[in-house]
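Reading through the structure tokens given below for one structure.
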Amino acid sequence: MAQLTLDKLNKRYGETAQVIKGIDLQVNSGEFVVIVGPSGCGKSTLLRMIAGLEDISGGDMYIDGTRVNDDTPSERGIGMVFQSYALYPHMTVYENMAFGLQLAKLPKAEIARRVEESARILQLEPLLQRRPKDLSGGQRQRVAIGRAIAREPKLFLFDEPLSNLDAALRVQMRMEIAALHRRLKSTIIYVTHDQVEAMTLAQRIVVLNRGNVEQVGSPLELYDHPANEFVAQFIGSPKMNLMPGTLLRAGAEESIVQLWSGKELAIPVATPAADQGRPVKLGIRPEHIEWGEVADAPNLADVLFVEHMGNETYHYLDNAGRGDPWVVRNPRRSTVTAGETVGYRLPAEHCHLFAETGEAYPRLRVGASDAEPGQAAPIVFSERVRANAAH
Amino acid sequence: MKLTRKQREAGAKFWIYFAALVVTVICVFPFYNAVLTSLRTGQELFLPNYLPSGFHWENYVNALGENGVGRSLLNSFLVATVTVGICLLVSITAAFSLARVRFRGRKYILFTILCVSMFPQVAVLSGMFELVRFLGLYDSIGSLILSYTTFSLPFTVWVLTTFMRSLPVELEEAAIVDGASLWVIITRVFAPIMGPSLVTTGLLAFIGAWNEFMFALTFIISNDHRTVPVAIGMLQGASQYELPWGHIMAASVVVTIPIIALVLIFQKRIVSGLTAGAVKG
Amino acid sequence: MTHNSQGLLPASGPALAGTTAGPRAAPRKRSLQQRRARAAWLLVAPALLLLFAVAGWPLVRTLFYSFTDAAMDTPDEYNFVGLANYLDFANGERFGVLADPLWWQAVGNTLWFTACSVSLELVFGMLLALLMNQKFRGQGLVRAAILVPWAIPTIVTAKMWGWMFHDQYGVVNDLLTRAGLIDGALAWIAEPTLSMWAVVIADVWKTVPFMALMLLAALQMIPTDLYEAARVDGANAWQRFRRITLPLIMPAMIVALIFRVMDALRVFDLIYVLTSNSEATISISGYARERMVSFQEMGAGSAASVLVFMMVAGIAACFLWINRFSHEGKEARQ
């Protein structure tokens with residue numbers, strides 16, 4: 001399995017449109033890296049540059065130490081799975097998987113061995129003589145994967161392979177792809193716009209925005225320590241809540257932030273002295289906001305509306321007109337209705353702080369519940385229980 | 001009195017059917033008239049009559065026979081088939097490159113091809129005449145195959161280019177990832193699925209070649225080598241003032257039936273081919 | 001303040017050991033796009049060569065012959081006469097194609113024919129397309145029926161209509177008389193004004209189906225909910241046509257129009273067979289060919305051919321220029 005290195009890679013269309021703006025990246029052998037970002041961020045372009053389907057305007061690309069800028073895809077030894085599967089309609093499943101091997105002039109016996117092995121791994125054996133039009137979406141996707149596997153490539157590239165599948169099938173294919181990675185121990189580069197796929201499949205995530213890398217890290221690193229506002233709001237659903245405030249007192253161990261409401265909050269975030277007095281933004285994820293009795297809570301807000309999901313409830317709080325309503329996630333059913341006033345608390349250890357530029361100040365301590373993202377914050381009080389709102 | 005919705009709809013429907021009827025009659029009548037005429041002889045010809053008044057087949061026997069158009073049918077078929085065959089072969093690779101590969105000068109080539117398809121035939125007539133004589137092809141079918149390429153080739157390239165554009169990009173990319181060269185992509189990936197487009201293009205080009213008149217009139221002088229349009233155009237009677245219309249109509253019907261049959265059988269393809277070139281072009 | 005979690009390129013490290021010594025020396029290759037571009041040229045070449053041989057070369061030769069006084073039966077013997085075939089002054093008289101009143105008659109005929117034919121074809125084609133866009137039983141039959149005029153070879157069309165326009169026995173005169181629209185038989189083919197109309201009618205009959213199919217394809221691309229929204233807004237049928245249909249099919253209509261005008265300018269077959277190139281109907285292509293083949297004047301005929309080419313090319317250039325002009329105007333206004 002191969003190692004991929006990108007050195008100041010950039011891509012320009014014509015004179016003006018710079019789609020990829022100088023990317024540095026190293027993917028280690030056997031790693032599963034997911035490139036994720038909003039539409040138009042350049043992730044597909046980046047993948048196609050790695051594949052060799054798009055020319056590289058500047059910078060270098062190395063596979064296992066060899067510079068491959070001018071190599072064709074097959075010379076680079078990559079296998080690619082396309083969003084719309086791209087199966088040859090006039091060939092059977094077997095022929096689809098064998099095509100690349102025939103072009104490489106491999107001996108017939110070897111071709112047969114590889115195709116049958118791939119078919120076995122993906123449970124395609126009974127389908128080998130069928131044509132693509134006789135297959136279901138999930139089956140076609142597996143044939144597309146099988147075609148890539150049969151080539152025994154150094155690098156596997158996936159271009160949004162699950163977008164064309166329905167929700168249930170997507171979950172199933174996700175598991176299959178993860179299992180495939182464990183089994184083949186291959187280097188995989190996977191592009192998607194769906195951050196759930198990124199969080200569940202990746203060993204490392206590359207967050208791309210308008211041609212720039214925002215952050216590279218493991219899923220949990222991105223969740224706990226987003227490098228900037230963009231990553232913070234891109235990862236995690238629903239989005240992280242952001243509130244404007246001012247940095248009252250900077251510090252290397254603790255910073256004091258004054259929210260627009262006047263309330264002050266001391267959070268374990270390191271800020272430089274020079275930023276004291278500057279506007280900042282406080283961020284906290286919906287699952288971390290705690291709430292409690294109106295009487296004791298340090299903050300009050302009106303509930304705008306409530307979404308009952310069955311297993312959890314989202315409450316949208318009015319933040320006095322300063323931007324989007326905040327979302328609070330309650331892992332249980334709730335009897336709170338729109339129009340009510342609730343009290344809430346912002347636990348310091350779950351707070352993030354962002355500078356004017358959007359960059360995040362380093363967090364020194366993370367809340368215990370951060371260890372398992374996606375799960376309910378264990379400290380949630382019911383509306384009737386008094387909260388210990390000490391801050 | 002305001003009409004109810006149902007009445008308005010019924011009125012509209014009536015006008016639609018009426019218009020459809022008028023259109024159908026107008027389109028088919030001239031041919032119908034020709035068929036009627038072809039089945040008459042002698043004095044019957046001179047009485048306008050809108051229903052068949054007897055079935056005289058002599059005109060048809062005459063039409064296909066010695067002085068008739070039987071031989072010309074064969075000539076036309078030969079010329080059209082060979083011309084279209086050559087043009088298609090050469091066009092496939094050119095159309096693929098023009099449609100799907102970005103290279104310098106592509107726009108100019110496409111523009112040139114469009115321009116050539118706009119040439120008035122007469123503009124190349126004397127030059128072509130010289131060429132035909134030079135190659136010793138005067139009065140032979142070869143002269144037509146050569147000269148028909150002038151307009152058939154730009155046509156087939158243009159229409160095939162439009163078809164090629166509509167083939168899925170990801171299929172080509174998958175083939176590239178599999179290590180296929182341009183040639184392999186054309187022959188092993190796209191050619192098998194281009195069957196319908198090739199048939200359509202070939203049909204349209206065939207009809208165009210079949211119909212050609214000026215070159216056939218100028219380069220062929222012996223009866224044996226005439227093509228259909230010239231044979232029909234040349235039909236005359238014994239004297240200058242007598243025109244055997246029955247005979248002429250029979251010959252016309254004979255040469256038209258195969259084409260009409262072709263067009264009706266392949267009408268969906270033909271319509272899509274015609275419109276693809278223009279609407280997207 | 002970015003977090004450096006193995007994402008960025010380390011300044012030094014085992015991973016790059018291979019590269020610091022320089023990448024494995026591979027010869028400088030062409031990229032994929034460059035290789036494809038090269039292959040594409042090779043694949044286009046045969047078509048281009050063939051095109052040059054059968055279209056480019058003869059065109060050049062025609063131009064060449066237009067400057068000579070060659071004759072068709074002895075094309076090898078000729079003298080250069082410069083522009084004499086086009087226009088010449090000698091003995092106080094004007095010679096050459098441009099001095100020939102028949103040439104100008106042909107130009108007038110052709111332009112008149114083009115203007116009439118194309119406008120009629122546009123109007124009828126539009127009506128027919130609108131009809132075909134409706135849903136009714138027997139739609140398939142009508143669609144097949146309108147392909148008949150298009151399918152029939154032009155020569156056969158000429159003969160058929162020639163028969164129908166026959167002054168004594170033709171159905172046109174018969175029907176018109178029965179309908180009481182005319183008193184005596186009209187000499188459609190013989191009389192100058194009428195013969196031009198005969199040609200126009202035959203051409204319109206043959207070409208309206210093609211026009212209708214083009215326009216129908218464009219019509220079918222308009223989403224039906226646009227019409228429904230317009231009805232909700234209170235627009236009647238004419239308003240819907242003028243404000244929604246017409247603007248949306250304009251691009252396709254213009255393309256079809258340009259193609260038809262180009263075709264109409266080059267008309268030859270129909271006129272040659274229907275009216276035998278009579279003076280009242282002869283087209284510019286007909287004139288050129290007559291000079292060349294009937295009078296065996298290869299030089300003068302070639303000159304006329306070149307003039308025909310220039311006329312068609314000139315009008316095409318006008319279209320392109322207008323097109324570009326209107327595009328730039330639109331961009332400037334935006």
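So you know, we letter chains A, B, ... as the sequences are listed, proteins then strands, and number each from 1. Basis for what follows: all heavy atoms, side chains included, without hydrogens, waters or symmetry-related copies.
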Step through the shown structure and confirm whether more than 12 heavy atoms of other residues, nucleotides or ligands are within 6.0 Å of CZ on C/Arg240. yes

Heavy-atom pair with the smallest gap, counting every atom of C/Arg35 and A/Glu75: NH1-OE2, 3.1 Å

Any chance CZ of A/Arg210 has more than 12 other-residue heavy atoms, nucleotides or ligands included, within less than 6.0 Å? no

Supply the atom-to-atom distance A/Asp70 CG to C/Gln33 CD, rounded to the nearest 0.5 angstrom. 11.5 Å

Euclidean distance, A/Asp55 CG relative to C/Arg36 CZ, rounded to 0.5 Å: 10.5 Å

Quick check: closest heavy atoms across C/Leu32 and A/Gly52, and the distance to 0.1 Å? CD2-O, 3.1 Å

Residues, nucleotides or ligands: over 12 heavy atoms within 6.0 Å of C/Phe124 CZ: no

Residues passing the ring-ring contact (aromatic ring centres under 6.0 Å, His included) test with C/Tyr227, sequence neighbours excluded, are none

